[in-house]
Amino acid sequence: MAKPLLAGNWKMHGTAKTAAKLAADLANSSGDYPELIVFPPYVCIPAVVTELLAAKNIAIGAQNISHHSEGAYTGEISGKMLTDIGCSHVLVGHSERRTNCSESNELVAEKFAAAKRSGLVPILCVGETFEQRQQGQELQVIKSQLDAVVDLVGLETVCDAIVAYEPVWAVGTGETATPEQAQQVHSFIRAELGSGGTDTQILYGGSINADNAAALFAQPDLDGGLVGGASLEAEHFINIAQQIVEQK
Ligand code: PGA
């Protein structure tokens, strides 16, 4: 069984000061919640690291990574730089980067490999667009997104990472996949990972909030969530985290 997990993607919100406050609020939250990972904007990471030094069970990740290890790549951030400032995880293949930054399946695979080279745990995001779902292509699209990474690093390495299913039409839109739609894709991903994927954490993401969390996490192959909007307030995020514990 995969261990429950909740990740919060803070995207391009806030400042170092508000990020530190959010991290402090999370660190001070009481109650029973699973492993948490927060993904602040790059420049806010040091402030968050400072706040979370004493917090057990809250890891810090970055929202992006260069596929290069080092060199003349203006504006890029390497995996080594991320581990150096205290990151343990990194998002790769988020739909906003696939769409807005034209990241191809092959580039996402390179970023995944770069994360592994630096000792970071990648969260590989996959998901179909609305049009692709309308045409019944969702599983095919997700398979090709997974296969690009498997072809480069091998199945075992993907099983050692974290996968997030985020239907593009549900990210930041207020629309969520139904629990049944999510479960269908999660069990497909689990089957694609094979026997090595039994313990792989497969997260759902796309407009999760305190009202829809319980029904989603009641599904057997949803091991946790990747939350955007609702991760920007500690109270909402912890509420969702507690619902995961209740369902698992
Ligand atoms: P959302 O974002 O929860 O705001 O839809 C999810 C994500 O981008 O990971």
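It should be emphasised that the depicted structure is a prediction, and the values quoted were computed from it without experimental measurement. One-based numbering, in listed order, for ligands and for the atoms of each. All residue numbers refer to positions in the sequence shown, counting from 1.
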Show me a pair-per-line table, with atom names and distances to 0.1 Å, of protein N or O atoms that are under 3.5 Å from an N or O of ligand 1.
from, atom 1, to, atom 2, distance (Å)
ligand 1, 2 (O), K11, NZ, 3.3
ligand 1, 2 (O), G228, N, 3.4
ligand 1, 3 (O), S207, N, 3.4
ligand 1, 3 (O), G228, N, 2.8
ligand 1, 4 (O), G229, N, 2.9
ligand 1, 5 (O), G172, N, 2.6
ligand 1, 5 (O), S207, N, 2.7
ligand 1, 8 (O), K11, NZ, 2.7
ligand 1, 8 (O), H94, NE2, 2.7
ligand 1, 9 (O), H94, NE2, 3.4
ligand 1, 9 (O), E166, OE1, 3.3
ligand 1, 9 (O), E166, OE2, 2.6

Going by atom types alone, do Q183 and D221 pair a side-chain donor with an acceptor below 3.5 Å?
-> yes
All pairs passing side-chain hydrogen bond (donor to acceptor under 3.5 Å, both in side chains) where residues 109-131 contributes a residue, at least two apart | N64-K111, S69-R117, E103-K111, E128-R133, E128-Y165, E128-W169, T129-Q132
Do the side chain of K248 and the main chain of F217 share a donor and acceptor less than 3.5 angstrom apart?
-> yes
Apart from M12 itself, residues in the same hydrophobic cluster as defined by side-chain heavy atoms under 4.5 Å | none
Going by an N to O cut-off under 4.0 Å, is there a salt bridge joining K80 and D84?
-> no
Solution key, residues 225-238 side-chain donor-acceptor pairs under 3.5 Å, sequence neighbours excluded:
from, atom 1, to, atom 2, distance (Å)
S231, OG, V227, O, 3.3
S231, OG, G228, O, 2.6

